[in-house]
Amino acid sequence: MNHDFNLMVSPQDLKALNDIAADNLLSEDMDSLYSRQPQGQVDEILALLIRQRPDILSPVERYVANRNIVRAFARRIIRYVFENAPTTPGPEPQRIRSLLRGFINQNIPLILQGIFVYRIPYNVLLNFIREVIRFTLRNIVTIPPSPPPPDINEIAREIIGALRRDTEVFIRLREFGIPQDQANSIVRTIVLFTLRNIDLGSPPTNLPARISELLNQIERQTDVITDILAYNVSRQDAREIVREIIRFTLRNVYQQ
């Protein structure tokens, strides 16, 4: 890539662009002080970076006379890592690649500013971002690796097995004249619907009320009750067995 922009921009215009870019980056950095991010921790990582790894900053500082601009750039990268590290799993090289790609995608104007205004070679800028990300990841101690999301289908299989083993739900469905395959489908639909419409980590404060809410949702949003009614089952009996499956699912999830 050709970075000789002197033919395109006069020295006076280049100085004006430089001043505007510096003002923008510094003002955005000041705005971050009032953001929801853990600013104290970001500043700690930045201070550590300046003290322990000046070699990461120095290649960019050769092109940017104002060190505060480089530090504001580094702070933005560190803040991005704090925001996104918890949702970026995997081994370190994979996390660095993902965070680098995400940072560039979200900060294209800043990257262009570095190349066109400060005339930083792209490979120097890319390596700077990568190394700040690496340093930040290695020094964050308050962000644990993100746990894998729960496998809803596996949870559903366990609950359906427990329903078959510990309740008479399947026996009652068979007594209604519902074939085994259809009964399996009905129970699975109810259990999965329940799991997808609750907060697995936060039990409801009023369990009976939540069961009633889920029952009404299932009746409105699925064909489960209609499928049961097709076997000449009363609506009351159909709703009661659905309620029982929801109740059992919630109690297994929350161990109540």
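Everything numeric here is computed off the predicted structure, so don't read it as measured data.
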Rounded to the nearest 0.5 Å, how far does CZ of R251 lie from CG of L207? 6.0 Å

Between the side chains of R97 and E92, is the shortest nitrogen-to-carboxylate-oxygen separation below 4.0 Å, so that they form an ion pair? no

Taking atom CD of Q236 as the centre, does the number of heavy atoms from other residues, nucleotides or ligands within less than 6.0 Å exceed 12? no

Would you mind checking if R75 and D43 are paired as a salt bridge, meaning a charged N to carboxylate O distance below 4.0 Å? yes

Side chains of L99 and L137 in contact at under 4.5 Å (non-hydrogen atoms): yes

Check the pair R79 / N84 against side chain to side chain contact (heavy atoms under 4.5 Å, CB included), numbers first and verdict last. CA-CA 9 Å; R79 191 167 65 245; N84 293 278; over 6 Å; no

Side chain to side chain contact (heavy atoms under 4.5 Å, CB included) partners for E131, two or more places apart: I56, N127, R134

Taking atom CZ of R157 as the centre, report whether more than 12 heavy atoms of other residues, nucleotides or ligands fall under 6.0 Å from it. yes

Using side-chain heavy atoms (C-beta onward) and a distance below 4.5 Å, is T222 in contact with D227? no

Atom pair CZ/CD of F73 and Q113 - distance to nearest 0.5 Å: 8.0 Å

Kindly give the heavy-atom pair with the smallest separation between R235 and I225, and that separation in Å. NH1-CG2, 3.9 Å

Is the closest side-chain heavy-atom distance between I186 and I241 below 4.5 Å? no

Could you go step by step and tell me if F170 and I160 meet the side chain to side chain contact (heavy atoms under 4.5 Å, CB included) rule? CA-CA 10 Å; F170 284 94; I160 292 168; 4.0 Å; yes

Minimum heavy-atom separation for P59 and Y63, please, with both atom names. O-CD1, 3.3 Å

With the 4.5 Å side-chain cut-off for hydrophobic clustering, are L112 and L126 part of the same group? yes

L163 and E244, any side-chain heavy atoms less than 4.5 Å apart: no

Looking only at atom types and distance, does a side-chain atom of R95 sit under 3.5 Å from a main-chain N or O of P89, one as donor and one as acceptor? no

Just one of D223, V224, T189 clears the side-chain contact (heavy atoms from CB on, under 4.5 Å) bar with I218, so which one? V224

Search all heavy atoms of F193 against all heavy atoms of L214 and return the closest pair with its distance. CE2-O, 4.2 Å

Interatomic distance, CD1@I245 vs CD1@I211, rounded to 0.5 Å, equals 12.5 Å

Which atoms form the tightest heavy-atom contact between R243 and S212, and what is the distance? NH1-OG, 3.2 Å

Within the 4.5 Å heavy-atom criterion, are F103 and L110 side-chain neighbours or not? yes

Taking side chain as C-beta onward, heavy atoms only, is F128 less than 4.5 Å from V124? no

Determine whether the side chains of S234 and D237 contain a donor N or O and an acceptor N or O closer than 3.5 Å. yes

Quick one, Y118 with I69, criterion side chain to side chain contact (heavy atoms under 4.5 Å, CB included). Give me CA distance, side-chain angles, the key distance, then yes/no. CA-CA 10 Å; Y118 295 111; I69 300 297; 3.6 Å; yes

Gap between atom OG of S58 and atom CZ of R53 - 0.5 Å precision: 9.5 Å

I159 versus T194: any side-chain heavy-atom pair under 4.5 Å? no

Quick one: do the T167 and R172 side chains pair a donor with an acceptor below 3.5 Å? no

Can you confirm whether R164 sits close enough to N184 that some side-chain heavy atom of one is under 4.5 Å from a side-chain heavy atom of the other? yes

Report yes or no: do Y231 and I171 belong to one cluster of Ile/Leu/Val/Met/Phe/Trp/Tyr joined by side chain heavy-atom distances under 4.5 Å? no

What donor-acceptor contacts under 3.5 angstrom involve side-chain atoms of residues 45-52, with partners at least two apart or in another chain?
none

Closest approach of Y254 to D199 (non-hydrogen atoms, all atoms of both residues): OH-O, 2.7 Å

Quick one: closest heavy-atom pair of A183 and I178, and the distance? N-CG2, 3.7 Å

R247 side, atom CZ; T249 side, atom OG1 - distance, nearest 0.5 Å: 11.0 Å

More than 12 foreign heavy atoms under 6.0 Å from CG of N206: is that the case here? yes

Rounding to 0.5 Å, atoms CG (L173) and CD (E168) come to a distance of 11.5 Å

Criterion side chain to side chain contact (heavy atoms under 4.5 Å, CB included) on I228 and V242, from CA distance to verdict: CA-CA 10 Å; I228 298 174; V242 173; 4.1 Å; yes

